[in-house]
Protein chains: 2
Amino acid sequence: MTSPPQRTSEPRWLTEDERIAWLRLMAVTMLLPARLESELKRDAGLSHFEYYVLAMISENDEHSLPLSELASRTNSSLSRLSHVLTRLETQGYLTRCASQADARASLARLTETGWQKVVASAPGHVDEVRTVVFDPLTARQVGQLSEICGRLLGTLDPDHRLLDHD
Amino acid sequence: MTSPPQRTSEPRWLTEDERIAWLRLMAVTMLLPARLESELKRDAGLSHFEYYVLAMISENDEHSLPLSELASRTNSSLSRLSHVLTRLETQGYLTRCASQADARASLARLTETGWQKVVASAPGHVDEVRTVVFDPLTARQVGQLSEICGRLLGTLDPDHRLLDHD
DNA sequence: AGGTTTTAGTTGTTGCTTCAAGTAAGTAAC
DNA sequence: GTTACTTACTTGAAGCAACAACTAAAACCT
């Protein structure tokens with residue numbers, strides 16, 4: 001990736017500054033998820049995806065959410081979500097129930113156990129996020145990071161499937 | 001993650017700005033790898049990890065690298081690396097050979113086919129990186145991103161296992 | 001009203017990752 | 001100069017994710 005191979009139409013190669021920025025960004029995208037993963041596994045016995053699913057449901061009215069909506073917010077396929085919900089259901093954290101509005105749709109609804117799980121694991125998770133992301137940055141940099149990620153999402157998520165109104 | 005549950009010792013919750021920054025960063029870390037993954041799968045028939053492995057080897061002298069070193073640079077376990085190398089070896093992209101310096105160590109060495117594979121797939125990959133990361137940002141923002149990621153890596157990778165000298 | 005398309009979700013298979021257990025070579029301790 | 005420990009890597013089993021194929025309900029079309 002550093003030494004340009006000969007080629008018919010020269011690609012626009014990366015400048016040295018861009019290359020360093022890129023390697024660092026890659027490193028962050030490799031290490032950050034792994035870090036959150038292991039913290040949650042250790043402290044809550046959940047994968048990050050499972051936690052995220054529970055957290056997303058918990059933020060909604062009645063602690064319930066249609067599966068399609070949940071799939072969008074967690075950036076997962078319905079297939080993957082369905083498998084994960086089956087596991088979480090087996091563990092007693094949620095139940096599936098039918099939607100009155102649409103007979104095709106199902107709602108994932110947190111049980112009391114599931115809600116307590118979120119309540120118990122969220123503070124530790126937030127603390128980890130602080131340690132890894134916000135503590136090392138100045139307030140100014142947090143703003144820059146937010147703006148930069150916003151820009152990237154313009155390309156990565158043009159329809160705002162993940163972030164609805166931020 | 002948004003509504004603070006009651007608790008004996010209140011955790012330092014996220015401010016609204018931090019919360020938005022966090023959700024955006026999460027979205028990027030979910031979408032960016034998926035995007036690179038599908039581009040490489042489509043254009044080169046490689047997973048991003050496989051590509052990265054080949055690319056890292058290709059940047060070294062003799063197109064070869066000890067497995068431990070390779071595991072560090074790709075942030076993988078030796079186990080994962082070993083499985084992947086077996087696949088790449090089967091596909092003819094590399095071979096394993098013994099190290100003279102250390103009888104315990106093995107080197108992964110690109111074959112001519114493997115090198116040609118890197119040469120053929122790198123430009124398309126770089127182009128995708130440009131499209132998704134650098135084109136949407138100003139030069140100033142690229143600098144900010146680099147600095148910010150550098151800070152985060154101070155916590156995520158204190159021993160500089162991934163990035164040696166940048 | 002009847003047929004097609006789209007939306008919503010499930011399930012089985014296949015493949016990659018993780019984990020645990022193993023071998024073998026080098027290093028340190030006494 | 002053995003014993004103990006660490007480093008380097010492999011392998012098999014288990015679990016999770018991606019993909020494809022399926023059912024069923026709603027929307028759309030004319």
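Every chain is numbered from 1 and lettered A, B, ... according to where its sequence line falls, protein lines coming before strand lines.
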Salt bridge Glu147(A)-Arg151(A), side-chain N to carboxylate O under 4.0 Å: yes
Ion pair Asp159(A)/Arg161(A), N-O distance below 4.0 Å: no
Sugar-phosphate, base or nothing in reach of Thr86(B), heavy atoms under 4.0 Å: nothing
Arg96(B) vs dC9(D): side-chain N/O to OP1/OP2 distance below 4.0 Å: no
Test side-chain contact (heavy atoms from CB on, under 4.5 Å) applied to Arg130(B) and Leu14(A), step by step: CA-CA 8 Å; Arg130(B) 270 212 175 284; Leu14(A) 297 181; 4.2 Å; yes
Nearest-angstrom distance from the residue atom NE2 of His48(B) to P of dT17(C): 13 Å
Residue whose nearest DNA chain C nucleotide is more 5′ - Ala105(A) or Val84(B): Ala105(A)
From Ser99(A) atom OG to Leu107(A) atom CG, the distance as rounded to the nearest 0.5 Å: 5.0 Å
Donor-acceptor pair present, His83(A) side chain and dG12(C) base, under 3.5 Å: yes
Length of the CG-P vector between Leu85(A) and dT11(C), whole Å: 12 Å
No-H, no-angle donor-acceptor pair, Ser79(B) side chain to dT17(C) base, under 3.5 Å: no
Same apolar cluster (I L V M F W Y, side chains within < 4.5 Å links), Phe49(B)/Met26(A): yes
Sugar-phosphate only, base, or nothing, as touched by Leu67(B) at under 4.0 Å among non-hydrogen atoms: sugar-phosphate
Under 4.0 angstrom between Ser68(A) side-chain N/O and dG9(C) OP1 or OP2: yes
Distance, rounded to the nearest Å, where Leu46(A) contributes CG and dG15(D) contributes P: 17 Å
Closest to side chain of Arg104(B), choosing from dA8(C), dT17(C), dG26(C): dG26(C)
Whole-Å gap separating C1' (dG22(C)) and CG (Leu78(B)): 14 Å
Spacing between Gln91(A) atom CD and dG15(D) atom P, to the nearest angstrom: 13 Å
Contact under 4.0 Å: Arg80(A) side-chain N or O vs dA17(D) OP1/OP2: yes
Leu65(B) CG - dC9(D) P separation (whole Å): 10 Å
Atom-pair distance (CG on Asn75(A); C1' on dA18(D)), nearest Å: 13 Å
Distance in angstrom units between Arg87(A) CZ and dT10(C) P, rounded: 14 Å
